[in-house]
2 protein chains.
Amino acid sequence: MSSKLTDRQQQVLDCIRECIADTGMAPTRAEIADIMGFQSKNAASDHLRALERKGYIRLHSDRSRGIQLLDNAYWGEEELPIVGKVAAGVPIEAIENVERTVPVPQGLFKQRPTYLLKVQGDSMVDAGIFDGDLIAVRKSNVARSGEIVVARIDEEVTVKTLKLNKSSATLLPANEAYEPIKVPADQLVIEGIFVGLIRDPNSY
Amino acid sequence: MSSKLTDRQQQVLDCIRECIADTGMAPTRAEIADIMGFQSKNAASDHLRALERKGYIRLHSDRSRGIQLLDNAYWGEEELPIVGKVAAGVPIEAIENVERTVPVPQGLFKQRPTYLLKVQGDSMVDAGIFDGDLIAVRKSNVARSGEIVVARIDEEVTVKTLKLNKSSATLLPANEAYEPIKVPADQLVIEGIFVGLIRDPNSY
DNA sequence: AATAACACTGTTCATATTATCAGTATCCGT
DNA sequence: ACGGATACTGATAATATGAACAGTGTTATT
């Protein structure tokens, strides 16, 4: 992964993002210096080099405004990975689980999702979550009672409504054909919280 | 609105869009000329001026790569209107019905939606369409049997599964509490076809 | 038949922008 | 206590890019 940014570098990165969001163009060194209050354009150059080295941007040499944002927070939309079958014992976002990626605009959902999970099975049909639906999941290892969560039990990943009672947790399906699952609070591994749903009836 | 583009101008506009989608940067005059096969940069300049005059782009003078795309089809995503309550006798997309707009990336759904409709009522819960969900609708006045459609009956807009038998049509709810609606084929007005669903559990 | 918009080629010039070199000072890990 | 990353100032050279001017045909419109 890309290494951590210093405060100043983060500010410069934010400044670039803002520029692109506002005008659709990346800023020049001079513009960055202006906005950040540098006296020298080279201060901006230095930061850009640092941002590139750390993997946040790509610099196209000799091209004006040749700053390309990488990875996340692109232009108000993000490429989110679609996770299908999750192999046992493997982190949910591991590459082998990713089927493809889809651009999802920021702000489509109130809470920002981390990845999309392709639902398998019909245990949540009564909550309107069907087999094949994509659910938008925000990564988190805690959740409040009543929230729909992505949880791992015995290395299996499932989507259920979480109910917390005093010392134990219950994972509640939304389908009469399934039984609630009671889990000791210390054995429950929450992977994320359900923050949105996308369904495409025409997706093969 | 902006006036119509010539074929060539449309090609140049497409070329700009592609550039931005690929690299995040607008192209220079020289790059456009290269891609389009012009011998002269000025050919590109001419087209850009035409595109600006017609309201498709904004040119920032004296700034390199200072081409800003305007209005629609920005960067692979479209602003789709969210339609809430639909007033009787009014076209579904009429301005007074639009609550707000949301950017939806092209390709999120197999079929491209025309607008989003905020679902009211629970007549389709068994199909996983809940009160408050946004359904993506592709405008169409025909539909095949079995598809979920947006239809108008007596000036009321509803979402139902369409069943066509010989000479009559039935609009099938997906909730036992509701009755199927039988409509003479000539009285049925189909507004559009359900092509996708977006749910945000945190939307106020 | 005249006029304007379209669709270019080709050249020159001004300036916008990047690249690079030479410094200074602070902070951090070893 | 040392090297390296951070965080800048300041100046100059090289080049990328936009703007302007002078042309040539073609097509659409009045």
Side-chain angles (χ1 to χ4, degrees), chain A residues 1-70, chain B residues 1-70:
Chain A
M1 199 53 199
S2 29
S3 45
K4 264 222 146 180
L5 294 181
T6 65
D7 285 358
R8 211 73 180 118
Q9 287 166 355
Q10 184 62 56
Q11 286 168 33
V12 173
L13 184 58
D14 289 343
C15 146
I16 298 168
R17 290 225 180 94
E18 262 187 67
C19 265
I20 294 181
D22 285 357
T23 65
M25 287 174 260
T28 63
R29 273 77 172 154
E31 284 167 358
I32 294 174
D34 244 30
I35 297 167
M36 299 290 298
F38 303 152
Q39 301 303 307
S40 168
K41 298 184 290 183
N42 192 46
S45 280
D46 284 352
H47 279 118
L48 289 177
R49 270 190 288 267
L51 286 171
E52 180 172 46
R53 181 164 43 78
K54 293 185 175 181
Y56 287 79
I57 61 174
R58 184 177 158 201
L59 292 175
H60 297 256
S61 56
D62 291 326
R63 332 189 83 197
S64 14
R65 300 172 186 276
I67 304 172
Q68 192 174 359
L69 292 178
L70 296 178
Chain B
M1 201 49 201
S2 29
S3 45
K4 265 224 145 178
L5 294 181
T6 65
D7 285 358
R8 212 72 178 118
Q9 288 165 354
Q10 183 62 56
Q11 285 168 33
V12 173
L13 185 58
D14 288 344
C15 148
I16 297 168
R17 290 224 179 94
E18 261 188 68
C19 265
I20 294 180
D22 285 356
T23 66
M25 285 173 263
T28 63
R29 274 76 171 156
E31 282 167 0
I32 294 174
D34 244 30
I35 297 168
M36 298 290 298
F38 303 152
Q39 301 303 305
S40 166
K41 297 186 293 181
N42 193 45
S45 281
D46 283 352
H47 282 302
L48 289 178
R49 271 189 288 267
L51 286 172
E52 181 172 44
R53 181 166 41 81
K54 293 187 174 179
Y56 287 79
I57 60 174
R58 184 177 159 203
L59 293 175
H60 297 257
S61 58
D62 291 325
R63 331 189 86 197
S64 16
R65 298 171 188 278
I67 304 171
Q68 193 174 359
L69 293 177
L70 295 178

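None of these values were measured; they are calculated from a predicted model. Below, chain A is the first sequence line, B the second, and so on; all start at residue 1.
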Residue pair [X] / [Y], side-chain heavy-atom distance below 4.5 Å:
X: Glu31(A); Y: Met25(A); answer: no
X: Leu13(A); Y: Gln10(A); answer: yes
X: Ile57(A); Y: Val12(A); answer: no
X: Met36(A); Y: His47(A); answer: no
X: Ile35(B); Y: Cys19(B); answer: yes
X: Leu51(B); Y: Ile16(B); answer: yes
X: Ile32(B); Y: Leu48(B); answer: yes

Expressed as a whole number of angstroms, how long is the span from [X]:[atom1] to [N]:[atom2]?
X: Gln39(A); N: dT24(C); atom1: CD; atom2: C1'; result: 15 Å
X: Arg8(B); N: dA28(D); atom1: CZ; atom2: P; result: 16 Å
X: Met36(B); N: dA7(C); atom1: CE; atom2: C1'; result: 10 Å
X: His60(B); N: dT17(D); atom1: NE2; atom2: C1'; result: 16 Å
X: Asp7(B); N: dA28(D); atom1: CG; atom2: C1'; result: 14 Å
X: Leu51(A); N: dA5(D); atom1: CG; atom2: P; result: 16 Å
X: Leu48(B); N: dC8(C); atom1: CG; atom2: P; result: 13 Å
X: Phe38(A); N: dG23(C); atom1: CZ; atom2: P; result: 23 Å

| task | With rounding to the nearest 0.5 Å, note down the distance linking CG in Asp46(A) to OG in Ser40(A). | result | 8.0 Å
| So how far is it from Gln9(B) CD to Arg53(B) CZ, rounded to the nearest 0.5 Å? | 7.0 Å
Does a nitrogen or oxygen in the side chain of [X] sit under 4.0 Å from OP1 or OP2 of [N]?
X: Thr6(B); N: dA7(C); result: yes
X: Gln9(A); N: dA7(D); result: yes
X: His47(A); N: dA7(D); result: yes

| Considering all heavy atoms, the nearest Phe38(A)-Ala44(A) contact |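 The answer is CD1-N, 3.7 Å.
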| query | Can you name the closest pair of heavy atoms from Arg49(B) and Asn42(B) and give their distance? | reply | NH2-OD1, 3.8 Å
| field | Sugar-phosphate only, base, or nothing, as touched by Ser45(B) at under 4.0 Å among non-hydrogen atoms | value | nothing
List every contact pair, protein side and nucleotides 21-27 of chain D side both N or O, where the distance is under 3.5 Å.
residue: dC21(D); atom: N4; partner: Asn42(B); partner atom: ND2; Å: 3.3

Please list, pair by pair, any protein nitrogen or oxygen found under 3.5 Å from a nitrogen or oxygen in nucleotides 12-17 of chain C.
residue: dA16(C); atom: O3'; partner: Asp62(B); partner atom: O; Å: 3.2
residue: dT17(C); atom: OP1; partner: Arg65(A); partner atom: NE; Å: 3.2
residue: dT17(C); atom: OP1; partner: Arg65(A); partner atom: NH2; Å: 2.7
residue: dT17(C); atom: OP1; partner: Ser64(B); partner atom: N; Å: 3.2
residue: dT17(C); atom: OP1; partner: Ser64(B); partner atom: OG; Å: 3.3

| field | Donor-acceptor under 3.5 Å (Arg65(A) side chain, Ser64(B) main chain) | value |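 Pair found, side chain donor or acceptor close to backbone of Ser64(B).
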Contacts under 3.5 Å, N or O only, protein and nucleotides 2-4 of chain D:
none

| query | In terms of the nearest nucleotide of DNA chain D, which residue is placed more toward the 5' end: Ser40(A) or Ala50(A)? | reply | Ala50(A)
